[in-house]
Participant: 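Structure incoming, see below.
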Amino acid sequence: MFDRDGDGVITPAELSGALGRLGLSLGVGGPPAPLDAFVAAYVAPGMAGLRFVDFEALHADLAAADDATHGQGNKEDEEMMEAFRVFDEDGDGYISAAELQAVLMRMGLPEAGCLARVRDMIAAADRNSDGRVDFDEFKAMMAGGIDV
Ligand SMILES: [Ca+2]
Ligand SMILES: [Ca+2]
């Protein structure tokens, strides 16, 4: 998904573009750093971007940083709840496939045109298999971040 041109290397531009499309930022748990500088720290010498192993290292560090911010009170939860409400349009506490599709459409993502794809994304987060995403599942999905 990140490696747009399929050359086995994720360039900072590809990573930044993919995260932007997902509405994610890398500022988790710290001051927002310029993405290029952040990613550059994971790029091996002589490489134009991240190889798969580099990407894994970056992702692991992001997940660790995210874990470290948990348990610091309710602020994170409140922000997460706000994000959740963006998806849960009818406010019933669950994100349905139709609701997710509506958000993807607003974000201009091509996945919105394919309900099967939207259902796959729901299924990936739907741990109790009730066909919709509750707040806990949503939080777990966001904590797991980008490998939806
Ligand atoms: Ca709903
Ligand atoms: Ca569920």
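Ligands are counted one by one from 1 in listed order, and the atoms in each one are counted from 1 as well. Position 1 is the first residue of the sequence; numbering continues from there.
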Participant: Is the Ca ion (ligand 2) under 3.0 Å from any N, O or S atom of Asn128?
Facilitator: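 It does: Asn128 brings an N, O or S atom closer than 3.0 Å to the Ca ion (ligand 2).
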Participant: Which N, O or S atom name in Asp130 marks its closest approach to the Ca ion (ligand 2)?
Facilitator: OD1
Participant: Heavy atoms, side chains only, cut-off 4.5 Å: are Val9 and Leu50 in contact?
Facilitator: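 The answer is no; the side chains never approach within 4.5 Å.
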Participant: Within the stated cut-off of 3.0 Å, is an N/O/S atom of Ser96 closer than that to the Ca ion (ligand 1)?
Facilitator: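 So Ser96 does not bind the Ca ion (ligand 1) by this criterion.
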Participant: Less than 4.0 angstrom from a charged side-chain N to a carboxylate O is my criterion; do Glu56 and Arg51 meet it?
Facilitator: no
Participant: Taking 3.0 Å as the cut-off, does an N/O/S atom of Glu89 lie below it from the Ca ion (ligand 1)?
Facilitator: no
Participant: Under 3.0 Å from the Ca ion (ligand 2), is there any N, O or S atom belonging to Ala125?
Facilitator: no
Participant: Might you point out which heavy atoms bring Tyr42 and Leu58 nearest each other, and give the distance in Å?
Facilitator: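 For Tyr42 versus Leu58, the nearest heavy atoms are CE2-CA, 3.5 Å.
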Participant: Report the angle formed at the Ca ion (ligand 1) by atom O of Tyr94 and atom OE2 of Glu99, rounding to the nearest 10°.
Facilitator: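 Angle O(Tyr94)-the Ca ion (ligand 1)-OE2(Glu99): 130°, rounded to 10°.
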Participant: What do you get for the angle at the Ca ion (ligand 1) between OD1 on Asp88 and OD1 on Asp90, to the nearest 10 degrees?
Facilitator: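 Taking the Ca ion (ligand 1) as the apex, the two atoms subtend 80°.
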Participant: Is the closest basic N to carboxylate O distance between Lys139 and Asp77 below 4.0 Å?
Facilitator: yes
Participant: Do Asp134 and Ile95 come close enough that some side-chain heavy atom pair is under 4.5 Å?
Facilitator: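 A side-chain contact under 4.5 Å is absent here.
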Participant: In Asp126, the N, O or S atom nearest to the Ca ion (ligand 2) is which?
Facilitator: OD1
Participant: Strictly by modelled atom types, are Asp130 and Tyr94 linked by a side-chain donor-acceptor pair under 3.5 Å?
Facilitator: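 Looking only at side-chain atoms, Tyr94 and Asp130 do not form any donor-acceptor pair under 3.5 Å.
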Participant: Apply salt bridge (Lys or Arg N to Asp or Glu O under 4.0 Å) to the pair Glu111 and Arg117, showing each step before the final yes or no.
Facilitator: CA-CA 6 Å; Glu111 285 86 346; Arg117 184 88 175 79; 3.8 Å; yes
Participant: Below 3.0 Å, can you find an N, O or S atom of Asp134 next to the Ca ion (ligand 2)?
Facilitator: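 So Asp134 does not count as coordinating the Ca ion (ligand 2).
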Participant: Between the Ca ion (ligand 1) and Asp92, which N, O or S atom of the residue is the nearest one?
Facilitator: OD1
